[in-house]
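Beneath this line is the structure, given in structure tokens, with notes to follow.
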Amino acid sequence: MTPDTPRLAAGAPKQRSRVRRRLNSALRMFAALVFAGGIYAIVAPGGAQGAAPLTPAAEAGKALYDVSCISCHGANAQGVEGRGPSLIGVGSAAVEFQVETGRMPAARQEAQAERKDPMFTNDQARQLGAFIQELGGGPQLPEGEDFASKGDIARGGELYRINCSSCHAFSGGGGALSSGKFAPTLEPATDRQIYAAMLTGPQNMPVFGDNELTPQDKFDIIAYVQNLKSDSDPGGWGLGRFGPVTEGLAIFLVGVVALVFAALWIAGKS
């Protein structure tokens, strides 16, 4: 044996110990990764299962969407820049309103999409809404068609004058806004369309969620608006139903002129 043999023999155990430590560290790291992956699979199992299948109504809506909407709103309703916004989270209520009133599909980009003859039937509009709802969620309308019968007309009038008349006028005839925009007339609006407009705030309209106006508040407003259509001018001559401007003008032209003539007649008699 050479003089270096004891030194080499003593260094061999140290080398093996260092290899064992590294191997143990790698095994612990692997075990930690496996444990973390298992915990994630338990807590979030949905990510590995894929998307839930669509209902029949949503499947029919998807077929319509792929033909008429995909070019502007994208394959997954994520929106297309310069063409159409994302529909994720808008809910079936917004889709029903826009499609049933003919505002969508839009013919062109403009200050405001106007109401026109719809391209789809109401059933097809609701199928499109069901597809968008299942795709990304969002506000939904209550079941049924008749909401006005559930509301109180008098209370609805108070709520309408506070929240709606500044844009839609006291008569529901609509009014001008800025930059070529306007609040449309409520004359052709159905119960569901009025509810959807309050719930989703289309275009320039503010959103009246259930925290601002409860579902019963919305029913009351709908009852008042629909009553306006059948009970026109309950107080007499409507003066075009444009609100206080025409009323003030009528008072000035009729009332003040009458007072002037009355004063002249009194002065002539004296």
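- We find the CD1-CG distance between Ile162 and Leu213 to be 9.5 Å, quoted to the nearest 0.5 Å.
- Residues Arg161 and Tyr224 come closest through the heavy atom pair NH1-OH, 4.0 Å.
- Val225 and Leu141 end up in the same hydrophobic cluster when Ile, Leu, Val, Met, Phe, Trp and Tyr side chains are linked at under 4.5 Å.
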Gln140 and Gln133: CA distance, side-chain angles, deciding distance, side chain to side chain contact (heavy atoms under 4.5 Å, CB included) verdict: CA-CA 8 Å; Gln140 294 178 274; Gln133 183 69 39; 3.2 Å; yes
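- Looking only at side-chain heavy atoms (C-beta outward), Ser68 and Gln124 stay at 4.5 Å or farther from each other.
- Both Leu228 and Met198 sit in one connected hydrophobic cluster of ILVMFWY residues. Membership requires side-chain heavy atoms under 4.5 Å apart, directly or through other members.
- Contact detail for Ala183 and Cys167: the closest heavy-atom pair is CB-O, 3.3 Å.
- Not one N or O on the side chain of Arg103 forms a donor-acceptor pair closer than 3.5 Å with the backbone of Lys116.
- Distance check, rounded to the nearest 0.5 Å: CG of Leu128 to SG of Cys69 gives 5.0 Å.
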Could you please spell out the steps behind the side chain to side chain contact (heavy atoms under 4.5 Å, CB included) verdict for Thr214 and Phe208? CA-CA 9 Å; Thr214 67; Phe208 293 98; over 6 Å; no
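- No side-chain heavy atom of Val207 sits less than 4.5 Å from a side-chain heavy atom of Leu199.
- Interatomic distance, Lys62 NZ to Glu134 CD, rounded to the nearest 0.5 Å: 12.5 Å.
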Checking Arg126 against Glu145 for the salt bridge (charged side-chain N to carboxylate O under 4.0 Å, His left out) test, could you report, in this order, the C-alpha distance in whole Å, the side-chain angles of both residues, the deciding distance, and whether it holds? CA-CA 13 Å; Arg126 294 175 192 183; Glu145 304 287 338; 2.8 Å; yes
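- Residue Met119 comes nearest to Pro105 through the heavy atom pair SD-CG, 4.0 Å, listed as atom of the first residue, atom of the second, then distance.
- Hydrophobic clustering places Leu264 together with Leu253 (ILVMFWY residues linked when any side-chain heavy atoms are closer than 4.5 Å, directly or through intermediates).
- Using a 3.5 Å distance cut-off with no hydrogens or angles, the side chains of Arg115 and Gln193 do pair a donor with an acceptor.
- Counting only distance, with no hydrogens or angles, the side chain of Asp152 and the backbone of Ala154 share a donor-acceptor pair below 3.5 Å.
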Show the numbers, then the answer: is there a salt bridge (charged side-chain N to carboxylate O under 4.0 Å, His left out) between Asp220 and Lys150? CA-CA 7 Å; Asp220 293 342; Lys150 303 177 183 179; over 6 Å; no
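- Without hydrogens or angle criteria, Ser179 side chain to Lys181 main chain gives no donor-acceptor distance under 3.5 Å.
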Would Lys218 and Asp210 satisfy side chain to side chain contact (heavy atoms under 4.5 Å, CB included), going step by step from the backbone distance to the final call? CA-CA 9 Å; Lys218 294 181 176 71; Asp210 290 343; 3.1 Å; yes
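- Here the closest heavy-atom approach between residue Asp191 and residue Phe147 is recorded as OD2-N, 2.9 Å.
- Tyr195 has its ring centre no less than 6.0 Å from the ring centre of Phe97.
- Looking at heavy atoms from C-beta onward, His73 lies in side-chain contact with Tyr65 at the 4.5 angstrom threshold.
- A donor-acceptor distance shorter than 3.5 angstrom exists from the side chain of Gln112 to the backbone of Phe182, with no hydrogens or angles considered.
- Remark: Gln226 CD to Ser149 OG distance equals 11.0 Å, nearest 0.5 Å.
- In the hydrophobic clustering of this structure, Leu159 groups with Met205; members are Ile, Leu, Val, Met, Phe, Trp, Tyr whose side-chain heavy atoms approach within less than 4.5 Å, directly or through other members.
- Ile153 contributes atom CD1, which lies 12.5 Å from atom CD1 of Ile222 (distance to the nearest 0.5 angstrom).
- Between Thr200 and Pro139 the shortest heavy-atom distance is CG2-CB, 4.5 Å.
- In terms of the salt bridge (charged side-chain N to carboxylate O under 4.0 Å, His left out) criterion, Asp146 has no residue partners (sequence neighbours excluded).
- Counting all heavy atoms, side chain and backbone alike, Ser86 lies closest to Ala77 at OG-O, 3.3 Å.
- In this structure, the separation between CG on Asp217 and CD on Glu158 is 11.0 Å, given to the nearest 0.5 Å.
- Between the side chains of Thr190 and Arg192, no donor-acceptor pair of N or O atoms lies under 3.5 Å.
- Met104 places none of its side-chain heavy atoms less than 4.5 Å from the side chain of Cys72.
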